[in-house]
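Just so you know, these numbers use all the heavy atoms, side chains as well, and skip hydrogens, waters and symmetry mates.
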Amino acid sequence: MRGFLACAMLAAMTSTAMTSTAIAQVSDDAVRIGVLTDLSSWGRDNSGPGSVEAAKMAVEEFGPTVLGKPIEIISADHQMKTDVGVQIVRGWFDNGKVDAVVDIPNSGIAIAVHNMVRERNKIALLSGPGASSLTDELCSPNTVHFTYDTYALSKVTASAVIKEGGKSWYFVTADYAFGQQLEKDATRFINEMGGKVLGGVKHPTNTADFSSFALQAQSSKSDVVAFANAGQDTDNAIKQSGEFGLVQGGQKLVGLLMFDTDVHAIGLKAAQGTYMTTAAYWNMDEATRAWSKKFYERTKVMPTMIHTGVYGSVLHYLKGIKAAGTDDPAKVMAKMRELPIEDIFVHGGKLREDGRVIRDMYLAKVKSPEQSREPWDYLEIIKTVKGEDAFRPVSESKCPLLKK
């Protein structure tokens, strides 16, 4: 009996030690996720408060804890300023014990944070930025580029418009990393498909008056006027181009990065017929509609692909921690690459070694007012493009992580 009790006590002590070891695998006794977004500038509607709510909805779906430890969501406004964004993230890492940074609309800020995350051995879950360089020459083992990028947006949209006769193009481009990369990627596909770029103009972000840019685009006599910008810049540019009669004069307007919220702000009358590419749409099926209606109750807008990407990336990150049995970044990233990506908006997605999430993209066309059947019924999905066909193939990549 004494021998039996001794064995039982030893087994209990061993079990307790193993449990303590498992619990200790979560650093600082909590998983902390920082949503770095735009709460006050031109990208607020497309990301902003909606990104914070999307992250919270992911935690609610997963459960309040992972590996027995609480999950905390914090947020901050980078104000579309790189120095502000970097300062916030540095404070999160130095004093806030944040494990992962999420969203980051604005490619310039995202690139700076992406580099810091690699240096500090944290994780970046990017939904807001679009620069394809993040998973090309700048690739990092610590970054997940979850939603879209300039390569996919340009390839899917430009290919469709050129097939419809839009051979000559003129660009109105935001003068920062994202806009420049978007124009560069689009120009490549335009040239490859036999089109021609007649010229373009660059504008500062948060521009209110696009009249001179619209007149330059009109005088170019191009078949297509492409807007390589985002947020309120896209809204203002398309509205004012409509006022100057570009569409009536026979030019096609293309939003290389547009969201449901942009169409809502512009209005169907001005935006109708515009081509765009998206990674998600709220009105795809019963599951997306149900999730989106819950999101709408909390935010009073239907989700953009940035919002659904924040939700999906946080959910997949938490699944990675659970599968790894730790929040150690290298082990979590390995599990995130191993696990298929499955959520309300992504099915059979895959995280590649360069950080690029390979997922289906959708070519859409903005409906006319007569075609819209209910509030926020703005898009007609023209085509589903498989992720392997939409994103940069491994054969073209400059990422050293894919060369191993």
Whether E297 and K294 form a salt bridge (side-chain N of Lys/Arg under 4.0 Å from carboxylate O of Asp/Glu) is what I want to check. no
Those residues at least two apart in sequence (or on a different chain) that pass ring-ring contact (aromatic ring centres under 6.0 Å, His included) with Y170 are none
Could you pull out all residues at least two apart from S40 that satisfy side chain to side chain donor-acceptor pair (under 3.5 Å)? D77
Can any side-chain N or O of H78 pair as donor or acceptor with the backbone N or O of P105 at less than 3.5 Å? yes
Any salt bridge linking R298 with E60? Criterion: basic side-chain nitrogen under 4.0 Å from a carboxylate oxygen. yes
Among residues at least two apart in sequence or on other chains, which ones pass salt bridge (Lys or Arg N to Asp or Glu O under 4.0 Å) with R44? none
Looking at K167, I want to see if its NZ is surrounded by more than 12 non-hydrogen atoms of other residues, nucleotides or ligands under 6.0 Å. yes
Quick check: are there more than 12 heavy atoms from other residues, nucleotides or ligands sitting under 6.0 Å from CD of Q87? no
Using modelled atom types and a 3.5 Å cut-off, is there a donor and acceptor pairing between side-chain atoms of Y362 and backbone atoms of Y281? no
Set of residues satisfying side-chain contact (heavy atoms from CB on, under 4.5 Å) with respect to K365, sequence neighbours excluded: Y275, I382
Looking at residues at least two apart in the chain, or sitting in another chain, which of them share a side-chain contact (heavy atoms from CB on, under 4.5 Å) with S133? I111, A131, E137, L138, Q181
Which residues satisfy the ring-ring contact (aromatic ring centres under 6.0 Å, His included) test with F345, sequence neighbours excluded? W291
Excluding sequence neighbours, so at least two apart, what forms salt bridge (Lys or Arg N to Asp or Glu O under 4.0 Å) with K350? none
Could you tell me which residues satisfy salt bridge (Lys or Arg N to Asp or Glu O under 4.0 Å) with E353, sequence neighbours excluded, listed by chain and number? R337
Check: M258 main-chain N/O paired with D262 side-chain donor or acceptor under 3.5 Å: no
Would you say that more than 12 heavy atoms from the other residues, nucleotides or ligands in this model lie under 6.0 Å from the NZ of K367, or not? yes
Residues passing the side-chain contact (heavy atoms from CB on, under 4.5 Å) test with E396, sequence neighbours excluded, are Y151, R188, R392, P393
Partners meeting side-chain contact (heavy atoms from CB on, under 4.5 Å) with V247 (sequence neighbours left out): L253
Residue pairs passing the disulfide (SG to SG under 2.5 Å) test where at least one lies in residues 234-319, sequence neighbours excluded: none
H203: which of T173, D209, N229 passes side chain to side chain donor-acceptor pair (under 3.5 Å): N229
For R32, give me all partners under salt bridge (Lys or Arg N to Asp or Glu O under 4.0 Å), at least two apart in sequence or on another chain. E72
